[in-house]
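Naming convention: chains lettered A, B, ... in sequence-line order (proteins, then strands); numbering from 1 in each chain. What you see below is based on every heavy atom in this structure, not just the backbone, and it leaves out hydrogens, waters and symmetry mates.
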Amino acid sequence: MQITVKVNGVAHTHDVEPRMLLVHFLRDVLNLTGTHIGCDTSQCGACTVLMNGKAVKSCTVFAVQADGAEITTIEGLARDGQLHPVQEGFWEMHGLQCGYCTPGMIMTAVDLLQRIPNPTEEQIRHYLEGNLCRCTGYQNIVRAVQYAAEKMRA
Amino acid sequence: MAVTKLFGASVKRREDPRLITGRGNFTDHIRLPGTLFMALKRSPHAHARIVRVDVSKARAMPGVVAVYTGQDLVDKLAPVPCAWLIPNSDLKVPSYRALAVDKVRYVGDAVAAVVAENRYVAEDALEAIDVEYEVLPAIVDQEQATQDGAPQLYDDVPNNIAFHWKLHAGDFDSAWNQAEVKLSRRLINHRLIPTAMEPRGALAHYNPGTGDLTIWCTSQNPHVHRLLLSAVTGIPETRIRVIATDVGGGFGSKIPMYSGEMLASAISRDLGRPIKWFESRRENYVATTHGRDHIQYVDLAATREGKVTGIRVKSYANLGAYLSTASPGVPTWLFGLMLCGAYAIPAVHVDVFGVVTNTTPTDAYRGAGRPEATYLLERMMDLLARELGMDPADIRRKNFVPKEQFPYTTATGLQYDSGNYEATLDRALELVNYQQLRREQEELRAQGRYLGIGFSTYVEVCGLAPSAAAGAMGFQGGLWESATVRVHPSGKVSVFTGSNPHGQGEETTFAQIVADELGISIDDVEIVHGDTEMIPFGMGTYGSRSLAVGGTAVIMATRKVKEKATKIAAHLLEVAPEDVTFENGRFFVKGAPDRAKTFQEVAGAAYLAWSMPEGVTPGLEETHFHDPINNTFPFGCHICVAEVDADTGKVSFRKYVAVDDVGNVVNPMIVDGQVHGGIAQGLAQAVYEYAAYDENGQLLTATLMDYAVPKASMLPRFDVDRTVTPTPVNPMGAKGAGETGTIASTPAVANAIIDALSPFGIDHLDIPLTPERIWRAVQERRG
Ligand code: FES
Ligand code: FES
């Protein structure tokens, strides 16, 4: 099937198998390997991207379902060489260790701050439930999101 | 001129810019033209004879390039190696084929490999492989496996006992006979699944023209993998390049040699094309090593005053179906030697039975042996306190190795380098406001609310080394580390380290150390790791050894560079080397600070080599292999405060305080992060995680839906503090911090919950303390 997907502002038209997952389309067809795969049951959130502005797990979306959609991946988050405040927060607050969960965590956090600009710690922890991190114990991820929230309000 | 010292500063991580922008170099990101994808057909049975493997249908599928069975590879690939051959234990290492030939021995044992044009086709073809099995009775429980009549995994491993390791130090029998207090318990330290967020995988590329094999893989120790791959494939070490730049967590599970990487290599050689294999999470759960899994019988002897006089442990360690790379060493040396903990215990008797069962092989998982020892000891200390009506803080204080006695030799023969155990306890008590907390506990109990306070005053062994000890323990390698410091003509520096961080941040901490040593900007220092073609043989990252061992190698190599640079500078300044001082990146004449050469000038001169001092060769590059004189022994006190809802069994965490002493700290931000992550994993063992098998050997927790890796909402905030007792073992005085949290937290959490439940007369429950387990226990007591 032919699909056209706008990814990080650029339109891509490709022929794909109907069963191809969006995450494989991004990684294997477009070579955007910043979106990671950590599971096969939609639990880990490593594959999270923004689809039409909302966080989705790209391993649970078929590429054909993204036909006509706008996708933002981690590669497209920084603008004009300026890190997104959430990216900056992760760096400042040591919100990552191995970095494997990080792209998905960051995309979910971006989605969170769009909806709740001033979240409490509890809201942050709750909102990140679909994203697993094995390295950090989440404490510095929470701080990273708080840092970004503050920065975005300023 | 004031130059800021970077040692001790929370420098932001230099690995982060690539990782937060999606530009990491993880294995599955590497693309080579012409790559084929490999998928593995795995056994659905825990124990079965392979009658027939029919791959004809799969072979005929469009897009399938080749299919291999175990038989096809018998001559092309040696068995998966075991590299920790513990002596004096009647060790048996049964053959472990990358693809099973006659029998499968656990659910997940690989029987065939499909190679196809893409991953989807490879997966489809697995379905078309027809394997006929004769199912055999399976055995899962390691204690039952040793009983007569239990199913036997191997003809030549009677009663499934792969080894019996013992360490009898001091006179336990007389301690026991004279003991005023005797406690005996059976404790279970259950099986866990490491769950690095990046599963394992490899991209192997054999070039038939050159005979070179390049393999990108998820490795904590690329050189060790190169050596083992060479051994199993017969390709010379000089022709193999292993690359593992960014690795998405390991926690021990990326140390061993596995069938996947071996098969990708052998098949790439066979077909002359790049082969990619990447496991799914389910495969990761059934076929990447698990950890822990002990059944322990403990006898503790003590005086009425609460002095422990001896401990005896008999442990059944579940090794799984085969002996993984380091598996025999983990439940023996890394466990048994640590059974004194922070306490002056004169007699220790340990017997460990390593048992094979129809389960996934076990190996190192964060802490590796030490959590199993620490949980046991800390639980027993609480039981002793309870028995004697003492405060759990006091019983620990009473048994601590006093700070005057360091270096202290334990009954088990370890030499604890330095310590001040009471200081961490005192600090933690202060941070939780202990007396007040106990009063509150009383008040709440009166209202029918159950608050508990749990202690863990641990000590652990870090910086795994030295090589002579490794040899005595049967480890088939040295435990040193290497470093090359290469100063370029511009004065910029590349550091090649044999450590292979996968989240620990050594690209930052090692650069901090080198920048300090050379008085140059951290921006002028690059840390290179994870590529066997670029760095000298290195032992890798595990056992909290990167800083203590690898970091020391870096310092020593840097100091050699400085020594040579000083000679060159002296020559340029026309004075004797003794008359030159090096400070803040400048070499100057003593007493005449204006007569100086910068580090960059000297580096340039070393490469121009127009005028070198007598006997000094051109260039500025040094290598050092560092073999430490001893391990390091971090310690600390963790206190968990938790409330249990007796009606539902639900646990909520009120406070968690960690006071660790890891010696001097290079980067506090990074150490805090290590401690947080460590606590999260240990806490999860106490209340959430459990690798469950049914009696037929099916792993019931084979997905992230069933295995309870904690989410953000399931963890409390951790209050982290430190005391500082430097180690004399290395020039930094640093001990290591990668595993402290995991080792300390499981007993702290379990002890808190048991303490909360004490009004019900409960003095022990096996972990994980799930709501169901707690609720049942409370119901039982309530009658
Ligand atoms: S890969 Fe999509 S949720 Fe895990
Ligand atoms: S940083 Fe490693 S999984 Fe989150």
Side-chain angles (χ1 to χ4, degrees), chain A residues 17 19-20 24 27-28 31-44 46 73-78 83-84 86-104 106 121-122 124-142, chain B residues 10 12-13 15-24 26 28-31 118-120 194-199 246-251 278 280-284 502-505 669-670 672-681 683 703-705 709-715 717-718 720 741:
Chain A
E17 268 193 75
R19 64 171 171 168
M20 177 178 266
H24 286 145
R27 292 179 55 85
D28 296 342
N31 270 316
L32 291 170
T33 52
T35 302
H36 297 164
I37 301 174
C39 73
D40 40 17
T41 51
S42 301
Q43 240 76 40
C44 76
T73 69
I74 187 75
E75 289 95 338
L77 204 55
L83 291 178
H84 186 283
V86 174
Q87 289 172 310
E88 203 183 303
F90 272 72
W91 193 9
E92 288 290 334
M93 294 294 135
H94 189 30
L96 62 150
Q97 290 178 26
C98 79
Y100 200 76
C101 71
T102 311
I106 289 178
E121 167 157 2
E122 212 185 319
I124 296 171
R125 287 183 183 265
H126 182 71
Y127 207 88
L128 294 178
E129 272 193 345
N131 291 74
L132 296 177
C133 175
R134 191 56 155 169
C135 298
T136 64
Y138 303 102
Q139 187 149 325
N140 287 343
I141 292 180
V142 171
Chain B
S10 287
K12 276 201 295 178
R13 293 206 324 170
E15 32 282 88
D16 289 2
R18 67 175 186 271
L19 297 172
I20 56 176
T21 55
R23 265 82 178 190
F26 295 96
D28 198 18
H29 298 7
I30 312 294
R31 269 106 179 96
N118 69 50
R119 8 184 151 227
Y120 286 70
T195 321
M197 287 321 297
E198 176 199 38
D246 281 326
V247 177
F251 314 110
F278 227 86
S280 66
R281 178 58 63 189
R282 188 187 147 78
E283 272 189 292
N284 174 264
H502 38 284
Q504 295 88 343
M669 174 191 83
I670 287 179
D672 287 352
Q674 287 292 315
V675 173
H676 295 161
I679 296 172
Q681 287 179 17
L683 177 149
T703 71
L704 281 172
M705 235 181 305
V709 169
K711 302 168 178 188
S713 58
M714 292 157 71
L715 295 174
R717 205 163 49 98
F718 311 121
V720 173

Item to check | Contact origin within B/Arg31 toward chain A - heavy atom pairs under 4.5 Å | outcome: side chain
Checklist outcome for this item: Under 4.5 Å to a heavy atom of chain A? For B/Glu15 that would be neither
Next on the checklist: Which atoms of B/Arg119 are under 4.5 Å from chain A, going by heavy atoms: the side chain, the backbone, both sets, or neither?
Outcome noted: side chain
Checklist entry - If you count heavy-atom pairs under 4.5 Å with chain B, which of A/Thr41, A/Asp40, A/Asn131, A/Thr102 comes out on top? => result A/Asp40
Next on the checklist: Between B/Ala680, B/Ala196, B/Gly248, who has the most heavy-atom pairs with chain A when the cutoff is under 4.5 Å?
Outcome noted: B/Gly248
Checklist outcome for this item: One option among A/Cys98, A/Gly34, A/Cys101 has the most heavy-atom pairs under 4.5 Å with chain B, and it is A/Cys98
Checklist outcome for this item: Residue from B/Arg717, B/Met705, B/His502, B/Arg13 scoring the most non-hydrogen pairs under 4.5 Å with chain A is B/Arg13
Next on the checklist: What part of A/His84 gets within 4.5 angstrom of chain B, counting heavy atoms only: side chain, backbone, both, or neither?
Outcome noted: neither
Next on the checklist: A side-chain contact here means heavy atoms from C-beta on lying under 4.5 Å apart; do A/Cys135 and B/Phe251 qualify?
Outcome noted: yes
Next on the checklist: Can you list everything that forms a salt bridge (Lys or Arg N to Asp or Glu O under 4.0 Å) with B/Arg281? Sequence neighbours excluded, please.
Outcome noted: none
Checklist outcome for this item: The interface call for B/Ser280 against chain A, heavy-atom contacts under 4.5 Å, is both
Checklist entry - In terms of heavy-atom pairs under 4.5 Å, which option from B/Pro199, B/Gly678, B/Gly250 contacts chain A the most? => result B/Pro199
Next on the checklist: So for B/Tyr120, is it side chain, backbone, both, or neither that comes closer than 4.5 Å to the heavy atoms of chain A?
Outcome noted: both
Checklist entry - So, B/Gln674 versus B/His676: side-chain donor-acceptor pair below 3.5 Å or not? => result no
Checklist entry - Do you know which of A/His24, A/Glu88, A/Met20, A/Glu17 has the most heavy-atom pairs with chain B at a distance under 4.5 angstrom? => result A/His24
Next on the checklist: Going by salt bridge (Lys or Arg N to Asp or Glu O under 4.0 Å), name the residues that satisfy it together with A/Glu129, two or more places apart in sequence or in a different chain.
Outcome noted: none
Checklist outcome for this item: Scored by heavy-atom pairs under 4.5 Å with chain B, the best of A/Ile124, A/Leu132, A/Thr35 is A/Leu132
Checklist entry - Has the side chain of A/Arg27 got a donor or acceptor atom that lies under 3.5 Å from a matching backbone atom of A/Thr33? => result yes
Checklist entry - Is it the side chain or the backbone of A/Leu77 that comes within 4.5 Å of chain B heavy atoms, both, or neither? => result neither
Next on the checklist: Using heavy-atom distances under 4.5 Å, tell me whether A/Asp28 contacts chain B through its side chain, its backbone, both, or neither.
Outcome noted: both
Checklist outcome for this item: All heavy atoms of A/Leu83 vs all of A/Trp91, minimum pair found to be CD1-CE3, 3.8 Å
Next on the checklist: Can you give me the closest heavy-atom contact between A/Glu75 and A/Leu32, atom names plus distance?
Outcome noted: OE2-C, 3.3 Å
Checklist entry - What's the shortest heavy-atom distance between B/Leu704 and A/Cys44, and which atoms? => result CD1-CB, 4.0 Å
Checklist outcome for this item: If one checks every heavy atom of A/Ile141 against chain B at 4.5 Å, the contacting part turns out to be neither
Checklist entry - Non-hydrogen atoms of chain B under 4.5 Å away: do they reach the side chain of A/Tyr100, the backbone, both or neither? => result both
Checklist outcome for this item: Of the listed A/Val86, A/Thr73, A/Ile37, A/Leu96, the one with the largest count of heavy-atom pairs under 4.5 Å with chain B is A/Leu96
Next on the checklist: Just checking B/Arg18: does its CZ atom have more than 12 heavy atoms from other residues, nucleotides or ligands closer to it than 6.0 angstrom?
Outcome noted: yes
Item to check | Region of B/Asn284 in contact with chain A, defined by heavy-atom distances below 4.5 Å | outcome: neither
Checklist entry - Side chains of B/Gln504 and B/Ile670: does their closest heavy-atom pair fall under 4.5 Å? => result no
Checklist entry - Quick one: what part of B/Val675 sits under 4.5 Å from any heavy atom of chain A, side chain, backbone, both or neither? => result neither
Checklist entry - Checking A/Arg134 side chain against B/Met197 main chain: does a donor-acceptor pair fall under 3.5 Å? => result no
Next on the checklist: If we define contacts as heavy-atom pairs under 4.5 Å, which of B/Ser10, B/Pro710, B/Gly741 has the most with chain A?
Outcome noted: B/Pro710
Item to check | Interface moiety of B/Arg23 toward chain A, non-hydrogen atoms closer than 4.5 Å | outcome: side chain
Checklist entry - What option among A/Gln87, A/Met93, A/His94 has the most heavy-atom pairs under 4.5 Å with chain B? => result A/His94
Checklist outcome for this item: So, the part of A/Glu92 with a heavy atom under 4.5 Å from chain B: the answer is both
Next on the checklist: Assess the residue pair A/Ile106 and A/Phe90 against the criterion (side-chain contact (heavy atoms from CB on, under 4.5 Å)); give the C-alpha distance rounded to whole Å, side-chain angles, the decisive distance to 0.1 Å, and a yes or no.
Outcome noted: CA-CA 8 Å; A/Ile106 289 178; A/Phe90 272 72; 3.8 Å; yes
Item to check | A/Thr136 portion near chain B, given a 4.5 angstrom heavy-atom threshold | outcome: backbone
Next on the checklist: Can you tell me how the ring of B/His29 sits relative to the ring of A/His36, calling it parallel under 30°, perpendicular over 60° and tilted otherwise?
Outcome noted: tilted
Checklist outcome for this item: Counting heavy-atom pairs under 4.5 angstrom with chain A, the leader among B/Thr195, B/Asp246, B/Leu683, B/Thr703 is B/Thr195
Checklist outcome for this item: If one checks every heavy atom of B/Ile679 against chain A at 4.5 Å, the contacting part turns out to be neither
